[in-house]
Each structure stands twice: as C-alpha cells, then as structure tokens.
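Lettering follows sequence order; numbering is per chain, from 1.
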Amino acid sequence: MSCCGLLRRAVAARPCRALVACAVRPRRLSTGRPSRAFAKELFLGRIEKKEVFPFPEVSQDELNEINQFVGPIEKFFTEEVDSQKIDQEGKIPKETLEKLKRLGLFGMQVPEEYGGLGLSNTMYARLGEIVSLDGSIAVTLAAHQAIGLKGLILAGTEEQKAKYLPKLASGEHIAAFCLTEPASGSDAASIQARAVLSEDKKYYLLSGSKVWITNGGLAHIFTVFAKTTVVDSDSSVKDKITAFIVERDFGGVTNGKPEDKLGICGSNTCEVHFENTRVPVENVLGEVGGGFKVAMNILNSGRFSMGSAVAGMLKKLIEMTAEYACTRKQFNRNLSEFGLIQEKFALMAQKAYVMESMAYLTAGMLDQPGFPDCSVEAAMVKVFSSEGAWQCVSEALQILGGTGYMKGYPYERMLRDSRILLIFEGTNEILRMYIALTGLQHAGRILTARIKGPWAFCSELKRGNVTTVLETIGRRLRDSLGRTVDLGLTGKLGAVHPSVADSARKLEENVYYFGRTVETLLLRFGKTIVEEQMVLKRVANILINLYGMTAVLSRASRSMRVGLRNHDHEVLLANIFCTEAYSQNLFTLSQLDKYSPENLDEQIKKVSQQVLERRAYICAHPLDQTS
Amino acid sequence: MVVRDLEALRATWRRPASRGSWLGFRGHPCGCPTERGMSWAQAILLARGLSRGWGGICGAALTGAPFSQLPPQSPRGLHCSSATHNSDSSLVPRPPEPLRKPAKALAPHEELFRQAPDGARDKASFVRAVQNFGQHNVHKRGHVDFIYLALRKMREYGVERDLAVYHLLLDVFPKEVFRPRSVFQKIFIHYPRQQECGIAVLEQMENHGLMPNKETEFLLIQIFGRKSYPMLKMVRMQLWFSRFKNINPFPVPRDLPQDPVDLARLGLRHMEPDLSARVTVYQGLGAASFHPYSSLQMPSSKDSIGTADPTEPHIVGIQSPDQQAALARHNPARPIFVEGPFSLWLRNKCVYYHILRADLLPPEEREVEEIPEEWNLYYPMQLDLDYGRSGWDDYQFDINEVEEGPIFAMCMAGAHDQATLAKWIQGLQETNPALAQIPVVFRLAASSGELLASSGLEEPSPPPPEEQEEEEDDPQRQQRGQS
C-alpha cells in the first residue's frame, strides 16, 4: 500500500509533458508526409544525425522519478509473482491482478488527468523491462493498454476519455482489442462483423465474432472494429470499417472459454461474440468509416516497447544462466571456461545491448515534441527484439542442457513465452514488408527525377535544372573511382566517440551503398517492387541492422563521453555488433544485386513452386532405386 | 484453358506412344497443361531420337526382322549378317506380335504348351512347359524356335511381367557355346541367330518395363560372353531405363481400375492440376461426393439416384474451388458450353470427357482487379509511384501468351448424349447456384475427335464410343487419336 502512495505522489510531482506525446497523432497511410524520420532518410543514403545523436537522455528529475517507480515494482515481481503457478493454472491470480492495479500498472500511459500515471514513452519502456519478467502479465497489460485502450487515447473524444479512461487506468475495467476474425488477420477487407445504424440513428446494432482476443474473458471495455455502411462524398454507398467502444453491459456480448496456448498461458485469450449489441452512436471511436486508420495507428504505436521488455527478460536470463555456467562443473572445469559457452554469453549480452539501445533511442525520438512518426523505427525494434529473444532463449537452453528442457525450471516456459513475440502485433514477415515499403515509398518519391532514367537528364536539362544532373553525374563518377564514404559521423568533434570510429565508418559505408542499392531497386522494379517480397525482406534486414548500428554507436559514444560505469564493455559490444552487422549487410547487399552469385531468388522460387504444386516434399527417398 | 493445352500436348504425345514402345511406358496420356508438360513431350521426342539411333546400331548389326521364321541368311562360317538398312520403321525393333499371324502350320514345340492337363494357364504351367523342353531335348535342338514361341505365349500365361520367367527362358540357351573365342569372332557377329533371339528376349522385357538385374547379366555372360550384342542391349537397357523410368511427371498406375467410375475418377484427377479439386460422382454405383484427401463422404446431391437403375450411365465430375468461384462470378448474360467428348488415353484405355467452359471475355468487358484503398492493416499493398518495372527486369515481353476462356468443370460420363450431360449440369447446380441463371449450350460432337475447331478428321467419325478397351497395338485407333 505504502509503495502505491509513493507512486501517486511521484506522479503528481511530474510535469505532464507526456500528455502531449499521447495526444491524437493523425497520420496518413503510406503517404510521404514530411517528417524528419531517421529511418526513411537511410533509404536515401543519408544519416539524419540530429535525430539520433546524441543518445536521448532524460533529466535528473525524471530519472529519480523512474527509479522511484522501478524499485517497488521490481520487488513485487521478484518476490510475489509466481510465474510457474500462473503458467500451470493458466490464469493470473486475483491478488496479483489487484496488486498490479494498485501499483498503477494498468494506466501507465493514460494521462494523469484521467487518473493514469501519464508516463512518457521512455518511462513506459523502462517499466516494461520489469513487467516482462512474467510473460503472461506483460501480455495482459499490453493488451489492456498498448492496444485495448490506446484507441481512446489516440482517437477518443473528451467525453469518451472522461467516461472510460479513469476506470481503465485504475484497472477497475480491463480493455481488449477486437480486430482479428476467423477469416481476417491482416486483411481488413474481409472483416465480417457488422454494425447497422438503428432507425432513430441513436445506436448501432453490432454483430460478429472475433477470435484470439487477449483479455477477451476479463475485459469490460472492448475496442471493436466492424463494417458499417458509409455514404461517400460522391453519394456512393460503401462498406467501411468503424471502430466502436463496446461495454460488456451493452448486452449480447459473450465469450468462449480460454484457449489453450503454447506459451503465455496465464493470459486470457478467447473468442468474443457480439450479437445485436446496442452501441450508442457516442461510442464510435474516431470517425464513422475511419476505423481503418484508428486500427493502424493503434497497431503502429505500441511496438517500440517490446525492445525494452525483451531486454529486461534477457538481462534476467543472463543472470540465471551465468549462475549455472559458473557453478556447473564438467571435467573439473566450470562450464564458463569453455569457449562455446562463452560465445553464447557474448551473443546474449550483445543482443540485449542492441535491442535496449534501439528501444530507448526510439522511445526518446517518440518523446520529442512535434509528434514524430517513428512507426518504421518501432517496427524495426519489434522485429529485432522478438527474433533476438527467440535466439537468445534458445541459446540459453543450450547452455543449460537438459536442465533447460525440464518443466521444473523456468527456462522452457521462457522459451514458450518468447515464441509469441515473433507472431503477434504483426508477424515479423509482415512488419518487414512494412519497414521496406514505407522506406521505399519515401525514397521513390524523392528520387523520381533521378530514377526516370537517362532520358530524365535531358528533361531536367531542358528545365534548366543543371545542378541535379551534375550532382548525379559527379556522384556516379566518384563511385566508380572507389571513394571513401564520409557522412560526417567521425572526425574532430564528430558525432561518435573515436573509440567506435571504425564502426561508424562501417555504418557510413553501409548506409551509402544501401542508398545506391535502393535507387537501383527502384529503377529496376518501380512500383511493382511490392511483389518482390524476397527483395523487400533483404531491404528490411539491412535497415534493421543499420538502425541497430546507429543506436549502439550513439549509445556507446554517450557512455564514453559521460563516463558511465563499464563503458569499455559497451564499446566492445558496439564494435562487435557493428562489425558483424557490417559484413551481414555487405552480403545482403550483394544478394540484392541482380547478377551476383549470392542471389538465389530464382532457384528458391522454383523449389517452392515445385513443392507447393504437389503440396509435398517431392524428392525420392534416398534408399529408392530406379529398377 | 487447361483442356485445350492438353489436347495439343496429347497430340505430340501419342506419336511416340504408338511406336516407341521400346521404353515400356506406352501411351501415358499427359494430364497437365503447363510448360512442364511441354518439356515432357520434348523429352519423349528426344527419347524417340535416341531409340532411333540405337535402332540404327542394332539394325546395322542385325537382320531386319528378328523372327525365327526367317532362315539364317548368312553363311555360318563368316558370321556376316545381311546388314541392310531397311526403312526407318524397321530400325526400331518391333515387339513380337502375339497372335498376329495365325498359325497355319503348327509351330515347332507348340505341343509343349498344349499339354497342361487341367487347362490352367499360369506361371506354373508355363514353367513346366519350359522345363519339359529342357528334359525332352537334351541337346536343346531348336531352342531358338522354342524361345520365340515361348515369348509369344507369355502373355497368354500372364507371365509377361515376370523377370524370373525371362531368366528361365534365357537359361534354355546352351552355355559357353556361343561365346566368341577369337578376335575375329568378336568383331563379326558370332552366332547371329542366337544373338538375335537373346535380343528378342531382352526386348520383350523392355516392352514390359522389366529392368535386367545381376542374374540376367550373369546368364548373358555365360551364354554370349561379355562382348556380344545381347550384352550391349542389356547395358543400354540398364542405362536408359534408369534415366527414363521416372521421366513422366504424371505417372499412371500400372494396373488401371476396372470399375469405370474409378477409372473416370483417376482420369479426371490426372487432368486436373489443382489438388483442391473435388471429384463428385453424380450418378453411378453409389452417388457420393468424394474428397481425395480427407476421404470425407459428403452428403450427396443425388442420394435418391444412388441406388438407381444400374443401366443408367455413370457421371463423374471434377471441379476445383477456383473454378467454382469463377463460375459464380460469371456473367449470366453470356452462355456457357458443354463440349466434348474429348479422348484421354490412360495406358491402353481410352476414356472420354466433357468440359464446361465459356468464351474468353472481350477485353473491354474484363474487370480490372483494383486494390481496395483500405485493405492491409500492416503495410501498403501498392506504392504511390508513377514508374513501373524497367526493361531489365521485365520478362513479360517475349512470352507468347495465348489466353483461352475459362473452364468451370470437367466430367466423364458413361454416355455422351445430351440427356446424360444435362444430369451432370443439374448435379453441378447443387454446388453452383449461379448455374441456374446461366444458359448452357450443349456442343457435343458426334465424334471422339480432339478439338472441335480442328476438325481435320479424314475418316468418317465413328459413333461416340462407349468405354473402350483395346489392344495395345491397334493402329487404326491410334491414328484416329493422332489426327
């Protein structure tokens, strides 16, 4: 109880800066809205130094505040939460939920005026590190506030906020996000749920079924997406998606029994059915027919926090496995003395370091005034951290050997829990498409003049735009002469510290040639690049690496300059990651070259085509004979 | 469009099948329209070329007709065969044609095959006959004639696919006698008649797709020695059999089902490339829908007919979900056509099928598939750029695409009259309600010819044939098929 009081006081002391960051962010889909976003500029072969250097910091006051939060929550999670029990019983005990509510964890990003903690993105990420110590609780909380009530914060009216947010922030009501249907995953056009306006135009009758709804059984407030008939400006009738806030008390809301899942067993996932639920027109979220954008904004906004959450989990995992490796003896030596075990710890530390850097860099960018659009960055953090989580937990199990496989230890649960990270909030495959296509759209716009081929030169010349032409020609010439790339990161008073200058040069080189490759790809495929998913995946992979490199360089430079504890260790990690990512990028770039021997796309396509045509593995058995 | 391609393919197909029996898979009708079908046809042509080259070698070395009725023309001492190039057709060794020549005079050793007391014609009695020859003829006089005779008789006894029986026949040859012993004997054909006979045995094995094994090799070495034509033949069989055994990507089972409904099911599945397609028995032995993967017995549309009059012809249809969807989208103002019968060869059986198709939409009526604005929640489905694929990566320019109208369903029926096919359409309506609004035109050819468009039939078309089973080498039938 006392710690809760402390929290409230701490909150009250904060300036309500986060409020601004949480306000509605109108964003249009895939349009090149002018933004200074860092990732998009990478597609042009540029580094927007201002965005990422120096590494974002919080003020001393804010830091103290965060630490005030962190202490009691960490204590609660390590001492009171029994993850094994939650996993076995398939639900979070009432007391635990109550305690979470009292700690204020159900309203972390709800503005203070509505009774939430009103945390900035950075602070939200910091708390996520601790909450993620139990996968089920983390997912329950995320479904509640990262997507469940996010719609209200992003697109709700004042009345809606005042009516629902206080109770949601206190955890009295739990929220759920109802988008997925049996026939509709990411395909919004196939949503079947339907809302029909009543004759008196006072309420909608909502009918439909939603599947795999996290918190579906616990929730009182649902953000539901359903098709409505909308009359367009040109008086044509269309079916469009609308978002609704639905209370369970509206009637006709039922849910199935909780699904049995591989991991995150303590979270409640079930089907939710709506049958002629009467939803008042005041409960339309955003505009009627504007549900698609609401859904997109909600989905895009919540992803960055996975980075810090996974990093928190990994830090704990490193502690546990290191303890084991340093005590377990084989051949009279500790496991920790074997090179192959050491390698795994280096990998885990490196991944944790990179995803932490990426997450806090993104959070810091999001906290800057002016509603920056960091959805690409957030998606990159999600992809990198979820894959890192899976890889690291798997490596940890290797260190532990049989122990890791046993149900009596927490490791197998962590493995099961971490598998979902690659799937939910948009599968990593889909997010890679998003990352690549958003960037290519941006680059394609800006490069239009250059890409339209050599003939474009003539038209440019005619228009008297000599500088563009000369610039292009000059760059081509310099490229062919083998230039050293300098984008201004290093050198005297450069953005990065000299101890990581080598890595910075690698980043610069990668960025520069990435820009060239993007230009070539656009020249080759134009807008049909949407169909080239294998190319897009590679583009996204490079971009994720570039962003990771930038984040660690920025963070390590800051640590060196500020003189943080163990900054030499950070430099080591940063250099390792940058070197690895650099050669990975070079390889991927060469795969993107049409005629390079590394580019196996044609063969890969052929194999999959033959397999899928027969819907089976078609090779003869190795023991088969022709006679 | 599936079926049209298929027709063209089948035309290329039949030619090697009719004569190039040397590899043993005769006349597998091809079931798929894609380019891989094309390459398969090319492979067969290639095989034919190879066979011709091989025949050239053999023909050069051996006399044209490898039959025992011919007296050895060459003087024994020289071992020189009358190696004359006959016409191309005779270069490919023909299989022994059973029952082609009515036995005017009783062939020698015929009595050995007539003395089965219980009249049973099976492997045991065949083996007994062969053994009897060995016992009666200690000196193996006339063994060549006997082997030719036995080869002809094999099919009667149903042992033509039994490798052990061939070994038994080879074992009839006296050992070591025909092995060349000097360089000159090796150069010139040593005992040509016997070698020919040995080749004839191997050839019949080949025709039935039997791969020689170690024992064959051992016998041949014992009989003819390593440097002999039967050995050469065997080595070549071993080489090419292994190359070509699995060259057909659409294998037909060796023993076709006897039940016409099962046969129709097989044929339809053979032609339909979509594995999700569903075979439905509209009328037949038991009217039940049949799903190939789940073996799910769907409630039938025609339960009442299930036990109906057994004389009614069966109707078996196939339709894939995509075809069903295409039919549902079809503009009811445009008629659709039932066309057929088209023939399909499954090994030595010919079955006939009908298709339900529509004409290709004129370009101005085609709907352009547009990408809805709000479709994908996660990433843009199209980029807002005003330039497309460049010439470097545009591979569309040199592909000659011929578009054909859509095909909505296929069926095989026991009778090819309109009444039967109307029942098929009725059955289709159960799963395709849209069909009720679309006018259906029956364009049934009286012939079993291939395409309606290419009516280059010279012969007067025969009446629509019922399920036909025929001998493998019916030249007339095959010619009709080819035309």
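In this structure, K594(A) NZ and T520(A) OG1 are separated by 12.0 Å, a value rounded to the nearest 0.5 Å.
Heavy-atom distances place both the backbone and the side chain of L437(A) under 4.5 Å from chain B. For L179(A), the part lying under 4.5 angstrom from a heavy atom of chain B is the side chain only.
No other option in T427(A), L299(A), I430(A) has as many heavy-atom pairs under 4.5 Å with chain B as I430(A).
Qualifying side chain to side chain contact (heavy atoms under 4.5 Å, CB included) partners for D255(B), counting only residues two or more places apart in sequence or in other chains: R161(B). In this structure, the salt bridge (Lys or Arg N to Asp or Glu O under 4.0 Å) partners of D171(B), at least two apart in sequence or on a different chain, are K175(B). With sequence neighbours left out, the ring-ring contact (aromatic ring centres under 6.0 Å, His included) criterion links F177(A) to F225(A).
Proximity to chain B among residues 530-540 of chain A is limited to V530(A), E532(A), Q533(A), judged by heavy-atom separations below 4.5 angstrom.
Residues E206(B) and R236(B) are not in side-chain contact: their nearest non-hydrogen atoms beyond the backbone lie 4.5 Å or more apart.
Ion pairing of E429(A) with R432(A) is absent here, as no side-chain N (NZ or NE/NH1/NH2) approaches a carboxylate O to less than 4.0 Å.
Among L592(A), L44(A), L440(A), I529(A), the single residue meeting the side chain to side chain contact (heavy atoms under 4.5 Å, CB included) criterion with V518(A) is L440(A).
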